[in-house]
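Remarks on the structure that follows.
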Amino acid sequence: MLEKLFVFSANTAWDSWAKKWYEHQVVECEEKTGGRYPADLIEKIQKFNEQEHTIDMLEKHIKERRYNKSKHSDSFVLNKLRVMFARISAQMLKPDLVIMDEFQRFKFLIDSNGETETGILANQFLNSESTRILLLSATPYKLYSTLEEIDDASGVDEHYREFLQVMDFLFTDSRQQFRKVWSDYNIALHEMKNGDSAIIQIKKNAEDAMYAGVCRTERISVMESGDYTDDSSVKQPIKVSGEDILSYIAMGKLLKEMNANFSLPIDYAKSSPYLLSYMKNYKIKEQIEKYFKAHKEEIALASDKILWVDPKKVYDYQPLPKTNARLEKLKEIAFEGHAERYLWIPPSKPYYELQGVYRDSRHFSKILVFSSWEMVPRMIGSMISYEAERLTVGKVCENAGNIGRQNTNYYAKTRYPYQRLRFTLSGGEPQRMTLFTLLYPSRTLAQMYQPIQAMNDKWNLTDIERELRQQVREKLKSLKIYRKISNRNEDARWYYLAPMLMDGKEYVTAWIDIMKQAMNNAGEDGEDGISSDRGNKAFLGHIHRLEGLIGLGNELFLGGMPEDLVNTIVDMILGSPAVCIYRSNGGNMSYATALAKTFVNYFNSTESTAIVQLAAEIHHKKKSDDNAHWQDVLLYCKDGCFQAMFDEYLHLIKEATDFSTGDSQQEQIQKTMLQDLRVHTASYDVDTYQNFVKKINGEKATNLMRAHYAVGFVSNDGADNVKNANRKDSIRGAFNSPLKPFVLATTSIGQEGLDFHNYCRKIMHWNLPSNPIDLEQREGRINRFKCLAIRQNVADKYGSITFQKDPWTEMFDAATAERTEGQSELVPFWCFGKNQKIKIERIVPMYPMSKDEIKYERLIKILSLYRLTLGQARQEELLECLFKECQDLDELKELFIDLSPFSKKG
């Protein structure tokens, strides 16, 4: 009965894992404490019961519960037990210092009920004279409230209320004194006149009073916002086409013919093309559906093609009508320099000049898009990805020749171009042994190329390749003993066997054993990147064939070396994922292969296959050859400096490693990379007129469109909190990796608590927010520690220094060394000082002569001065008053409350 009470309603979790897990935790604690736990806890429970009789109540409840005679509910009893354990735990925990990160999430602790578990813990920690408290938060209170927000909240000014609540908590012993100083400052601000100098001292008094409990350093104390934000594109309105206007007219006409008592908000038409395809869950679309279900004979009224995505055009990868100027602007930016052919963001510090599709990719960036409307992220995810696919897969399909039409269309089940990096068998014989050139982490090849030495010697790619060819030729001389087949035919086995023969049998055998062990691993999740092939007969067949060849030793008979063997091995040295990763991770062959396989899976998608093929055809004049596609992959990796790309990503992951899991740093890095580098493709149901008709007639129909180049990040209707959290983590991890997606479109759910800064310095405000702080918070998602803009600046300025071991650490060290005395430690990690060359790009796709132009100017003006109104009621009215009284904005900025320790030195 006791166990049933404690399980309460968590039967599934209790039976599946929780019971065993918690029992194990207790046993482990008992062993580690030599029996003190749970003995001490039991003793304290007994003492507590002597005063509160909680255990007595529990025993009585259990006895009476079976006969339904207990006067207490299970919830009541369980709550009493929780309170008991909370009090005991609070007494046992006696910290000197309590640190609460992201304090804004725990503001309820300030005024929590003292009889709840939360209240007990809060009182123990937050009101103890012996405990010091450090609250960490960039937004401990709402930073700015507009008049509209105050009206919507029935007159409650959230900024002012939350500010005073936090200050009262921080200054418990001097609350009245602080409020008096702050009130004086408030009055002085409201009565301020132009040229009033007395207010400076009053401001300083308020600043000093607040600094006694609060410190805050902002970029604005180091540099003006204009020094790190480029909004020059805002001054260039987007180009509106006739189709934009026709789309709005067509929707209005439809509603008029329906005799609808509502109209289409013009911002909907500005925000999305093909409105009826994307207005899922919008009331207007629901009303339209309701109307036509009642008037099926009039369904043709909704047939205007400009309102729908045309599946016939999509089927053949045809261009879709340009009916939305904002979308066209995003395409222009997203595909600049043929970026649809990129498979990763180019490295900020390439080790040699980039080639091929990456030749003109300098300073490229992912794009983060914020919109007010939920239809926009789904629209961008599908439309931008379709365009990227049309320009790559569509182009390859167009030139496919005799390939069946059923496989060269967008909706094909098995799409062309087919996977070319798969281990396959034919008649039981392995057919893709050369794929080991991508997966085998050759120790010898890794050692042949030392990026740091090459950079210090100022070698370009031609110099590097010349040196490597010489080294490879010398190595191959010793392998000629294996050429025992006398015919003149080239033997393709040299491609993958030569590096293995260079490494020696012992090393190769150890690697093969790792492969076999991983394949037989009991884990089914495939997180190691290898065991996901568990049971794959073809892959095992290739491993066994390789094992047999290596086992031959000196009895191995090979034919002639291919003419391009030297150049191919050089490409492996510079571009093989396994070799590059092995070179970076300190020689861990297992981890290198697992990650290499993840990259190979990425290369093996239809979209990547088309991109690699196009790159080979356009930049290397190579004809498509399924059997030689692996060589095209090596060329692509070399062109895009895979080594530098991976090293930069590794540096970022190291910075963010979480040591709380108990894993080693390398294990945690490996897990993070395997998770974030997985192929991420979503699908959205994009309505079509044909499917709309079916739905009106009660039939089910879907039109799934892929999202890979761009993805939407919105709340998942009907999904539980755990799934939503996992999805958030998955999308954030993928966007913060150098791989796709390259465009992330989101609503306000991506505005707080999520960082997207690793490879993004461009932000597009699809719709302008009403609160200027929302603009700042949006841009704060990409303007962070060692963000892309910062790294590109650091690489440009310090990329030519002499390196010793770790280029990225040493470049930041060089930048740090140039920090001037007294300058904030935000430099160079969060900002780059005055006149930052490469900036965060703010993109606002405004229609010409729209209200957005005035709205934007007002937002920016308030954003530059809202700090004046810190802790003041009705901030917007105060700012209007200050604008009227003081025309010199620089003079107003002298009234900013400065809580930075750097300005308090001396």
Side-chain angles (χ1 to χ4, degrees), residues 342-351 361 363-368 451-452 577 580-581 583-586 588 591-592 595 598-599 602 640-661 663-678 680 728-742 744 753-763 780-799 803 805-816 826 828-832 838 840:
Y342 298 168
L343 287 178
W344 55 75
I345 300 299
S348 304
K349 169 54 185 168
Y351 296 157
S361 65
H363 299 156
F364 183 73
S365 166
K366 294 188 178 187
I367 306 169
L368 179 61
I452 289 177
C580 291
I581 297 168
R583 187 182 289 124
S584 297
N585 73 6
N588 188 315
Y591 284 1
L595 279 172
T598 301
F599 278 103
Y602 180 63
C641 202
F642 183 98
Q643 184 74 64
M645 176 272 290
F646 184 83
D647 287 350
E648 184 174 359
Y649 181 48
L650 179 62
H651 176 80
L652 294 173
I653 297 299
K654 280 182 178 179
E655 293 279 354
T657 298
D658 179 7
F659 291 100
S660 64
T661 62
D663 295 330
S664 69
Q665 185 184 44
Q666 193 173 32
E667 288 172 328
Q668 188 61 28
I669 290 170
Q670 183 76 0
K671 285 182 179 180
T672 301
M673 286 187 168
L674 288 172
Q675 173 68 28
D676 295 347
L677 295 175
R678 291 184 305 175
H680 293 268
K728 275 187 176 183
D729 288 342
S730 177
I731 291 178
R732 177 175 57 183
F735 194 71
N736 276 332
S737 82
L739 309 187
K740 295 175 185 177
F742 289 168
L744 178 64
L754 294 174
D755 302 333
F756 300 111
H757 61 292
N758 279 1
Y759 291 94
C760 180
R761 62 175 184 84
K762 295 183 179 181
I763 186 164
R781 300 307 97 216
I782 64 171
N783 197 2
R784 305 190 72 77
F785 180 80
K786 287 190 177 181
C787 65
L788 180 63
I790 293 298
R791 297 200 313 280
Q792 289 179 342
N793 276 290
V794 167
D796 276 11
K797 187 170 183 179
Y798 303 101
F803 297 109
K805 184 179 180 181
D806 183 343
W808 276 107
T809 298
E810 291 162 25
M811 282 190 289
F812 272 101
D813 286 346
T816 303
L826 291 175
F829 304 101
W830 288 80
C831 49
F832 205 64
I838 302 163
I840 298 294

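What you see is a predicted model, and the numbers here were worked out from it, not measured in a lab.
- Taking every heavy atom of both residues into account, Pro347 and Met645 meet most closely at CB-N, 3.7 Å.
- Atom CG of residue Leu677 and atom CZ of residue Phe646 lie 7.5 Å apart, to the nearest 0.5 angstrom.
- For the atom pair Leu788 CG and Asn793 CG, the distance stands at 9.5 Å (nearest 0.5 Å).
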#### Entry: Full working for ring pair (Phe, Tyr, Trp, His ring centres under 6.0 Å) between Trp344 and Tyr759
CA-CA 10 Å; Trp344 55 75; Tyr759 291 94; over 10 Å; no

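- A heavy-atom distance below 4.5 Å is found between the side chains of Asp755 and Arg781.
- Contact annotation: the side chain of Asn758 never approaches that of Ser737 to less than 4.5 Å [non-hydrogen atoms, C-beta and beyond].
- Here the CG atom belonging to Asn588 is positioned 7.0 Å from the CD atom belonging to Gln670, to the nearest 0.5 angstrom.
- Here the side chains of Ile345 and Phe364 are in contact, with some heavy-atom distance below 4.5 Å.
- A cation-pi contact links Lys366 to Phe735, judged by a cut-off of 6.0 Å to the six-membered ring centre and 45° from its axis.
- Side-chain contact check for Trp808 versus Lys786: every heavy-atom pair is 4.5 Å or farther apart.
- In this structure a side-chain-to-backbone donor-acceptor pair under 3.5 Å is present from Glu648 to Ser348.
- With a 4.5 Å cut-off on side-chain heavy atoms, Leu652 and Arg791 count as touching.
- Note that the CD1 atom of Ile838 and the CZ atom of Arg761 stand 6.5 Å from one another [nearest 0.5 Å].
- Side chains of Asp647 and Gln643: a donor on one and an acceptor on the other come within 3.5 Å.
- If you look at Tyr342 and Phe742, their ring centroids are not closer than 6.0 Å.
- A donor-acceptor contact shorter than 3.5 Å is absent between the side chain of Lys349 and the backbone of Ala644.
- With contacts defined as side-chain heavy-atom distances shorter than 4.5 Å, the pair Leu650/Met673 qualifies.
- For the atom pair Glu655 CD and Phe812 CZ, the distance stands at 8.0 Å (nearest 0.5 Å).
- The structure places CD1 of Ile790 at 10.5 Å from NE2 of His757, a figure rounded to the nearest 0.5 Å.
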